[in-house]
Amino acid sequence: MKRTLLLILVLALLAPWAAHAHTREEVREAYGALETRREGSPYLQPPAVRAPYAEGSLDEAAVADALAYLNFARWLAGVSPVTESAIYDYQCRHGAVLLAALDYVDHDAPNPGDMEKNFYDSAHIATTSSNIARFNWMRDTILREGVEYFLRDDGEENLAALGHRRWALNPVMAATGFGLANSESGMSYVVMYAHDLGNPDAAWDSVCWPAAGAFPAELIHDHLAWSVMLNPALYDSAASQPVVTLTEAAGALSFRFDCERGEGDGFCAFNREGYGAGPCLIFRPDFSGLDFTDYQQNQVWTVRAEGLVGADGQEKALEYRVEMISLAVQDVVNVEISQLEASLRAGDALALSADVIPAYADDLTVTWRSTDETVAAVDDAGRVAALSPGACEIVVEAGGFEDRCRVTVE
């Protein structure tokens with residue numbers, strides 16, 4: 001009952017689920033509803049990973065935390081939430097025990113030799129139908145960390161398919177389950193059921209990650225790939241030869257990817273394998289040699305995919321914008337003016353600029369003023385007009401901080 005009430009609360013906070021470009025405030029509010037990190041063991045009863053095997057049981061709050069985070073990600077991507085299935089939980093707990101007993105990850109995990117048949121059959125269903133992960137640590141939030149790992153889908157081995165992410169964001173999935181076990185060597189094995197197809201009538205065009213609208217910069221990094229999963233009922237993947245452009249105007253960044261050929265400004269691929277609900281465009285910019293550290297708030301990226309063919313045989317293009325945001329408010333810590341002094345003659349003009357620090361602050365607004373407008377005036381863009389002999393200061397202010405340029409007019 002406790003878990004059901006928590007799930008209802010989370011779903012209410014995250015509704016509506018219809019795909020749209022979320023705002024910065026909406027994303028922060030939705031994430032804030034999940035922000036409380038639980039403390040304590042994720043187990044109610046630890047499993048036994050040697051004969052006689054036992055699946056143990058998981059703390060309801062730990063499972064609810066992982067499920068809520070998964071549904072937060074699905075909300076970002078514009079797909080419907082999933083519920084928890086007791087059957088999938090049961091299978092996944094068995095699957096985690098099987099992996100921990102073997103102490104390696106394998107979707108087609110073999111029987112270690114001393115596992116009772118019914119236990120193994122349930123475990124094998126889970127390993128073949130789930131996202132599975134192995135971690136060399138154990139924390140109270142390990143189940144949520146497993147979901148985070150599946151969404152990142154980092155590692156060169158996963159790059160060409162991004163299968164974990166595509167299953168986690170599968171729009172036709174309606175339910176999932178979780179399992180956890182620790183091997184005797186101390187490794188943690190997380191299992192999340194992924195092959196549920198209980199929402200076959202889901203209406204969707206594409207599932208993008210990072211998603212359109214406000215998207216947390218904390219969830220994407222320069223070593224991670226972008227992905228666009230396409231609805232096979234709306235797109236003819238066999239006839240499509242997609243080319244993707246990714247641009248960020250403020251940073252003068254532009255990347256082009258021929259996903260069909262696997263050529264471009266970084267890694268790219270058009271994966272038609274059956275992960276999730278449809279084929280997927282995958283692209284990862286190569287930032288080497290560029291003045292780029294990582295994705296951060298206030299970057300606005302535009303994705304445009306051309307060369308797509310619809311199910312009706314007509315060419316289709318897909319375009320959307322991603323506004324990178326921070327999940328936490330970022331305050332201004334300083335402002336710096338472009339020069340500290342200037343000498344002008346009456347009638348001259350001077351263009352000043354200012355940098356708000358950090359560039360990823362929430363409010364980059366600056367205001368300008370002159371300490372003596374009879375000597376020099378300044379407009380809202382920082383353009384200074386020298387009017388009459390004398391001296392004054394041009395002041396720029398942002399977030400409670402200021403910097404000054406001393407202007408002498410002769």
Side-chain angles (χ1 to χ4, degrees), residues 1-4 6-7 37-70 82-151 155 157-158 163-164 167-168 173 175-196:
M1 183 65 176
K2 177 182 176 183
R3 185 185 304 183
T4 302
L6 179 58
L7 178 60
R37 293 271 185 163
R38 61 175 304 279
E39 295 181 357
S41 171
Y43 294 117
L44 286 179
Q45 179 65 45
V49 298
R50 64 163 61 183
Y53 296 98
E55 77 271 17
S57 59
L58 292 172
D59 180 71
E60 290 186 356
V63 175
D65 180 59
L67 180 65
Y69 189 84
L70 173 62
V82 294
T83 58
E84 182 189 357
S85 162
I87 294 175
Y88 294 157
D89 279 341
Y90 177 81
Q91 293 171 338
C92 288
R93 290 198 301 271
H94 285 73
V97 169
L98 173 58
L99 297 178
L102 297 171
D103 213 359
Y104 61 83
V105 290
D106 187 346
H107 285 292
D108 190 19
N111 192 320
D114 56 356
M115 185 173 284
E116 189 269 334
K117 183 179 184 303
N118 288 340
F119 194 107
Y120 172 73
D121 288 345
S122 176
H124 192 252
I125 289 173
T127 61
T128 57
S129 306
S130 302
N131 284 340
I132 56 179
R134 176 190 187 196
F135 303 105
N136 62 355
W137 65 83
M138 177 63 179
R139 286 193 283 262
D140 298 344
T141 54
I142 193 71
L143 287 176
R144 180 195 278 214
E145 292 173 38
V147 175
E148 293 172 338
Y149 168 78
F150 299 139
L151 291 166
E157 183 178 349
N158 301 321
H164 297 102
W167 282 119
M173 182 167 70
T176 190
F178 295 92
L180 173 66
N182 297 97
S183 69
E184 293 183 339
S185 69
M187 307 300 288
S188 300
Y189 291 86
V190 174
V191 179
M192 187 195 90
Y193 195 88
H195 287 189
D196 177 81

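This is a predicted model, so every value here is computed, not measured.
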Separation between [atom1] of [X] and [atom2] of [Y], rounded to the nearest 0.5 Å:
X: S188; Y: E145; atom1: OG; atom2: CD; answer: 9.0 Å
X: N182; Y: L99; atom1: CG; atom2: CG; answer: 12.0 Å
X: E60; Y: D89; atom1: CD; atom2: CG; answer: 10.0 Å
X: R134; Y: S183; atom1: CZ; atom2: OG; answer: 7.0 Å
X: D121; Y: L98; atom1: CG; atom2: CG; answer: 11.0 Å
X: I142; Y: S41; atom1: CD1; atom2: OG; answer: 11.5 Å

Is there side-chain contact between [X] and [Y], with heavy atoms separated by less than 4.5 Å?
X: V190; Y: Y149; result: no
X: M173; Y: W167; result: no
X: Y193; Y: I87; result: no
X: D196; Y: V82; result: no
X: M192; Y: L143; result: no
X: H195; Y: I125; result: no
X: T127; Y: V191; result: no

- request: Assess whether side-chain contact (heavy atoms from CB on, under 4.5 Å) is satisfied between F150 and L70, documenting all intermediate values.
  value: CA-CA 10 Å; F150 299 139; L70 173 62; over 6 Å; no
What's the shortest heavy-atom distance between [X] and [Y], and which atoms?
X: N111; Y: Y120; result: N-CE1, 3.3 Å
X: C92; Y: S130; result: SG-OG, 3.9 Å
X: D114; Y: A51; result: OD2-CB, 3.6 Å
X: V97; Y: A54; result: CG2-O, 3.6 Å
X: V49; Y: A100; result: CG1-CB, 3.6 Å
X: R93; Y: S57; result: CD-CA, 4.1 Å

Donor-acceptor contact present, side-chain T141 to main-chain R144, <3.5 Å: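 Pair absent, no side-chain N/O of T141 close to backbone of R144.
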message: Please determine whether side-chain contact (heavy atoms from CB on, under 4.5 Å) holds for the pair E55 and F119, giving the CA-CA distance in whole Å, both sets of side-chain angles, and the decisive distance to 0.1 Å.
response: CA-CA 9 Å; E55 77 271 17; F119 194 107; 4.0 Å; yes
task: Quick one: do M115 and L102 satisfy side-chain contact (heavy atoms from CB on, under 4.5 Å)? Show the steps, please.
output: CA-CA 11 Å; M115 185 173 284; L102 297 171; over 6 Å; no
D103 versus Y189, side-chain donor and acceptor atoms under 3.5 Å: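 Indeed, the side chains of Y189 and D103 share at least one donor-acceptor pair under 3.5 Å.
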